[in-house]
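Numbered from 1 within each chain, the chains take letters A, B, ... in sequence-line order. Just so it is clear, the structure is predicted and the values come from calculations on it, not from any experiment.
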Protein chains: 2
Amino acid sequence: MILEKKKAFNEFAAAKGLRSTRQRDIILDFFLSTHQHVSVEELYLKIKASHPGIGHATVYRTLKLFTEAGLAREILLHDGQTRYEHALAGEHHDHLVCTGCNAIIEFEDETIEKLQKEIATRHGFMIRSHKLEIYGLCAECRAAQ
Amino acid sequence: MILEKKKAFNEFAAAKGLRSTRQRDIILDFFLSTHQHVSVEELYLKIKASHPGIGHATVYRTLKLFTEAGLAREILLHDGQTRYEHALAGEHHDHLVCTGCNAIIEFEDETIEKLQKEIATRHGFMIRSHKLEIYGLCAECRAAQ
DNA sequence: TATGCTTTTGATTTTCAATTTCAATTGTGT
DNA sequence: ACACAATTGAAATTGAAAATCAAAAGCATA
C-alpha cells in the first residue's frame, strides 16, 4: 500500500519532469504514516521534530503536489485548517463528522455515487470529484449528552 | 418569501433577546436580495456602496447570526472565502460546482438524503446537517474546451 | 422625555493559515 | 566536474476572520 503510493508518486513526478528530492521523500513518508485527515500544520510539526530543516512552505507545496498526483485529497472542515486525507486514484469515501468530538467516520456508498452521476448527466455536468460530509453527533457523544 | 425570512429573523432575535438595529435590518435586506452564495466580502462591499458606515465586523457577526437563526448556511469552497447561501429551516439542496467558471448549480435528491439517513443510522450517528458538493465542468465549459 | 443599564457597533489591531519572494542550494543531464 | 533549471526555506506578505474596546444606540423604566 505504502509502496504502491510511493510508486504512484514517482510516476507522477517522472511524468511531470519533477526532480526527486530528499524533502519530498521525507514528507511523503510522514504523510503516508499519519492517520487520515492530517492538517498541514500538524504534519509540519511532526516532521520538524526530526527534520528541523524542512520548512513550512515546502510542506504546503508538497501536499499540493500529492493532491495533484492523486495521493491526497484536500478537505475543508469548519476550523479554518486545510486537512489532507489519503487517497488513491479512483477510490473514494465520504465522511461522517462528529461535531462533538471531531471524530471522522468514513463510509462508501455506491448508490449515492451512482445517483450523483445521474444528476450530473441530467445537468450536462462532467464530474471531476465530489465531497459529501455529514455533520452531527457520533454514538458516543449522543450517549454522553 | 422575503417577508417570511424577515419574520423568522425577528422571532429568532426576540427569542434570544437581541436588539433590533438599523445595521441588522440593512444587512438582512442586502443578504435577501443577493444571489445565492455570497461571500462575506462581496456582501460587505455591496452594502458599503450605499452605507459606508457599516463595518466589516458587523457584517461577519450578522451573517453568523443569520446562520444561527437558520436563514443562512455557511459554505466553504476552495477559494478561501466563506460564502453564505439562503436557507430556510428544513430546506436543503446540494451543489454542482463548476471549476471552469465557478458557476454553482443547485439540486435536490430525496434518495440521496434518504441513503444518508440510513448510513447515519447504521453508524449510530445523529445527523445535524450535511454538505454534498460535486466538482467538475458545466455544460458550457465542457463545450468551450 | 430623560435616565441608566446593556447591547451593539466599527475602527483598529491581532491572529493565523496560506502564499509569495528570492537568494542559496540541490538535482540532473551532458 | 559543469552548467542550468528546479527546489528549498527563511522571511515577508497577503488576506480572511476574530478580538478589542471606547463610543454609540436600543430599550425598559421612571
Base-pair map of DNA chain C as dot-bracket, where | denotes pairing with a different strand and pairs are Watson-Crick or G-U under 3.5 Å: ||||||||||||||||||||||||||||||
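Looking at which nucleotide of DNA chain C each of B/A57 and B/G17 is closest to, the 5′-most match is held by B/G17.
Through direct or indirect side-chain contacts shorter than 4.5 Å among Ile, Leu, Val, Met, Phe, Trp and Tyr, B/L76 is connected to A/L76. Other cluster members for A/L77: A/V97, A/I104, A/Y135, joined by side-chain heavy-atom distances under 4.5 Å among Ile, Leu, Val, Met, Phe, Trp and Tyr. In the hydrophobic clustering, A/I127 connects to A/L96, A/I105, A/F107, A/I112, A/L115, A/I119, A/F125, A/L132, A/I134, B/L96, B/I105, B/F107, B/I112, B/L115, B/I119, B/F125, B/I127, B/L132, B/I134, either directly or through intervening members, whenever side-chain heavy atoms lie under 4.5 Å apart.
Summarising the geometry, the separation between CD1 on B/I27 and P on C/dT8 is reported as 13 Å, rounded to the nearest angstrom. We find that CG of A/L63 is positioned 14 Å from C1' of C/dA17, with the value rounded to whole Å. B/H56 places its NE2 atom 14 Å from the C1' atom of C/dT13, with the value rounded to the nearest Å. Rounded to a whole Å, the CG atom of A/L76 is 14 Å from the P atom of C/dA17. Atom CD of A/Q81 is separated from atom P of D/dA18 by 14 Å (rounded to the nearest Å). For the pair B/D25 CG and D/dA25 C1', the computed distance is 13 Å after rounding to whole Å. Between the CZ atom of B/R61 and the P atom of D/dC21 there is a distance of 14 Å, given to the nearest Å. Residue B/H78 contributes atom NE2, which lies 17 Å from atom P of D/dA16 at whole-angstrom precision.
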Only pairs under 3.5 Å count here: list side-chain donor-acceptor contacts from residues 14-27 of chain B, not counting sequence neighbours, and write none if there are none.
residue : atom : partner : partner atom : Å
B/K16   : NZ   : B/E68   : OE1          : 3.0
B/T21   : OG1  : B/R24   : N            : 3.2
B/R24   : NH2  : B/R19   : O            : 3.0

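A/F12 meets the ring pair (Phe, Tyr, Trp, His ring centres under 6.0 Å) test with no other residue; sequence neighbours excluded. Applying the salt bridge (charged side-chain N to carboxylate O under 4.0 Å, His left out) criterion to A/D29, with sequence neighbours excluded, gives A/K6. B/K64 pairs by the salt bridge (charged side-chain N to carboxylate O under 4.0 Å, His left out) definition with B/E74, not counting sequence neighbours. Checked against salt bridge (charged side-chain N to carboxylate O under 4.0 Å, His left out), B/K131 has the following partners two or more places apart in sequence or in another chain: A/E133.
Although no hydrogens or angles enter the test, the distance criterion places no donor-acceptor pair under 3.5 Å between the side chain of A/T62 and the main chain of A/V59.
Listed pair A/Y60 / C/dT19 fails the phosphate criterion, with no side-chain N or O lying under 4.0 Å from OP1 or OP2. Listed pair B/K64 / D/dA18 meets the phosphate criterion, a side-chain N or O lying under 4.0 Å from OP1 or OP2.
Using a 4.0 Å cut-off on heavy atoms, none of the residues of residues 38-52 of chain B approach DNA chain C.
Listed by first and then second residue, the salt bridge (Lys or Arg N to Asp or Glu O under 4.0 Å) pairs that reach into residues 95-110 of chain A come to none, sequence neighbours excluded.
Note: A/H37 and A/H35 fail the aromatic proximity criterion, with ring centroids not under 6.0 Å apart.
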Grab the N/O contacts between the protein and nucleotides 26-30 of chain D below 3.5 Å, and write none if there aren't any.
residue : atom : partner : partner atom : Å
D/dG26  : N2   : B/R19   : NH2          : 2.7
D/dG26  : N3   : B/R19   : NH1          : 3.2
D/dG26  : N3   : B/R19   : NH2          : 3.4
D/dC27  : OP1  : B/S20   : N            : 3.1

